[in-house]
Amino acid sequence: MAIIETEAPLHEAHRDNHTHRDVNGGWLRPAVFGAMDGLVSNLALMTGVAGGAASQHTVVLSGLAGLAAGAFSMAAGEYTSVASQRELVEAELDVERRELRRHPKDEEAELAALYVSRGVDPDLARDVARQLSRDPEQALEIHAREELGIDPGDLPSPAVAAVSSFGSFALGALLPVLPYLLGASALWPAVLLALLGLFLCGAVVAKVTARSWWFSGLRQLALGGAAAGVTYALGMAFGVAVG
């Protein structure tokens, strides 16, 4: 009795703590990528224009144009990409659905063979496959997971991906422009705010992925700073050449 009482709390603790985050949603990747891309690309664009000795008005206009163009481009690209992926998955599900309808015994045997290959006793595997195959929708879901590696009920949404990309890119791209809109007349406040945003984005991503926040933040800061430095130098070089 003592052993049972000792093991029960351990089992409950394991059950309560053994949870996982949703890693199949269609919002996280485009949102993170969009914010990073918005920050880096618009910061690089604005520093490149500023490096060419352009006026403050031109730098701000370039930043706003880069924000709008990039946000719409990201949204359109993500929507098309996710929609195409979803259509491909749905086409494969239709193929599997037809096979289950036309050849149910063959599909049942295929599922049993899959369980046997994973170490299940043949008799038990056939019994499990037979029971699971009684419900066509359940059978489709199991075959899709086992053969295609997908969950038919958890496909990414093109609209969610597009909206996430648009909003996150616009938010990231706004940071370098914001100091100018608030009255700044020099480039350095925009650069500082954008670099701070890059560090924070990297740190937040590290929190989501359970990596070191300071390393991820510094890595993103270094990459964004390098991009801004290169484009500023190119802007100076081309500005002198054109002038």
Side-chain angles (χ1 to χ4, degrees), residues 20-51 59-86 154-184 186-232 234-235:
H20 298 282
R21 290 166 289 187
D22 179 15
V23 298
N24 294 320
W27 65 272
L28 180 59
R29 185 187 66 84
V32 171
F33 179 73
M36 296 289 193
D37 193 24
L39 267 167
V40 174
S41 63
N42 222 28
L43 174 62
L45 173 63
M46 292 175 64
T47 54
V49 173
V59 174
V60 175
L61 183 60
S62 299
L64 292 175
L67 185 158
F72 280 109
S73 176
M74 283 286 294
E78 282 294 332
Y79 185 90
T80 302
S81 174
V82 175
S84 300
Q85 178 186 5
R86 186 181 180 112
D154 193 26
L155 299 181
S157 167
V160 170
V163 171
S164 298
S165 295
F166 184 94
S168 58
F169 185 99
L171 182 62
L174 179 63
L175 283 184
V177 188
L178 192 58
Y180 284 104
L181 298 180
L182 295 178
L187 179 64
W188 66 265
V191 173
L192 287 180
L193 183 59
L195 292 179
L196 176 60
L198 285 168
F199 179 83
L200 292 177
C201 278
V204 168
V205 171
K207 287 295 183 180
V208 174
T209 57
R211 297 293 179 91
S212 173
W213 65 270
W214 59 267
F215 175 79
S216 181
L218 289 176
R219 178 177 59 185
Q220 196 61 38
L221 175 65
L223 293 173
V230 170
T231 54
Y232 186 82
L234 290 174

Can you list, pair by pair, the side-chain donor-acceptor contacts under 3.5 Å of residues 34-42, counting residues two or more places apart and other chains?
residue, atom, partner, partner atom, Å
Ser41, OG, Asp37, O, 2.6
Asn42, ND2, Gly63, O, 3.0
Asn42, ND2, Ala173, O, 2.8

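- The side-chain contact (heavy atoms from CB on, under 4.5 Å) check on Val191 picks up Leu43, Thr47, Leu187, Leu195, with sequence neighbours excluded.
- No donor-acceptor pair closer than 3.5 Å links the side chain of Ser81 to the backbone N or O of Gly77.
- Shortest non-hydrogen contact noted between Ala161 and Glu78 is O-CB, 3.9 Å.
- A donor-acceptor contact shorter than 3.5 Å is absent between the side chain of Ser216 and the backbone of Ser212.
- Remark: Leu196 engages Leu200 in a side-chain contact (heavy atoms from CB on, under 4.5 Å) (not counting sequence neighbours).
- Annotation: ring pair (Phe, Tyr, Trp, His ring centres under 6.0 Å) contacts of Phe215 (sequence neighbours excluded): none.
- Qualifying side-chain contact (heavy atoms from CB on, under 4.5 Å) partners for Ala186, counting only residues two or more places apart in sequence or in other chains: Trp188, Pro189.
- Tested against Leu193, the residues Leu198, Val177, Leu174, Leu178 include a single side-chain contact (heavy atoms from CB on, under 4.5 Å) partner, Leu178.
- When side chains are defined from C-beta on, Thr231 does not count as touching Leu45, because their heavy atoms never get closer than 4.5 Å.
- Residues meeting the side-chain hydrogen bond (donor to acceptor under 3.5 Å, both in side chains) test with Trp213, sequence neighbours left out: none.
- The heavy-atom pair separating Tyr232 from Ala50 by the smallest distance is CE1-C, 4.1 Å.
- With sequence neighbours excluded, no residue forms a side-chain contact (heavy atoms from CB on, under 4.5 Å) with Leu171.
- Of all heavy-atom pairs between Met46 and Val59, the closest is CE-CG1, 3.9 Å.
- Within 6.0 Å of CZ on Phe166 lie more than 12 heavy atoms contributed by other residues, nucleotides or ligands.
- Residues meeting the ring pair (Phe, Tyr, Trp, His ring centres under 6.0 Å) test with Tyr180, sequence neighbours left out: none.
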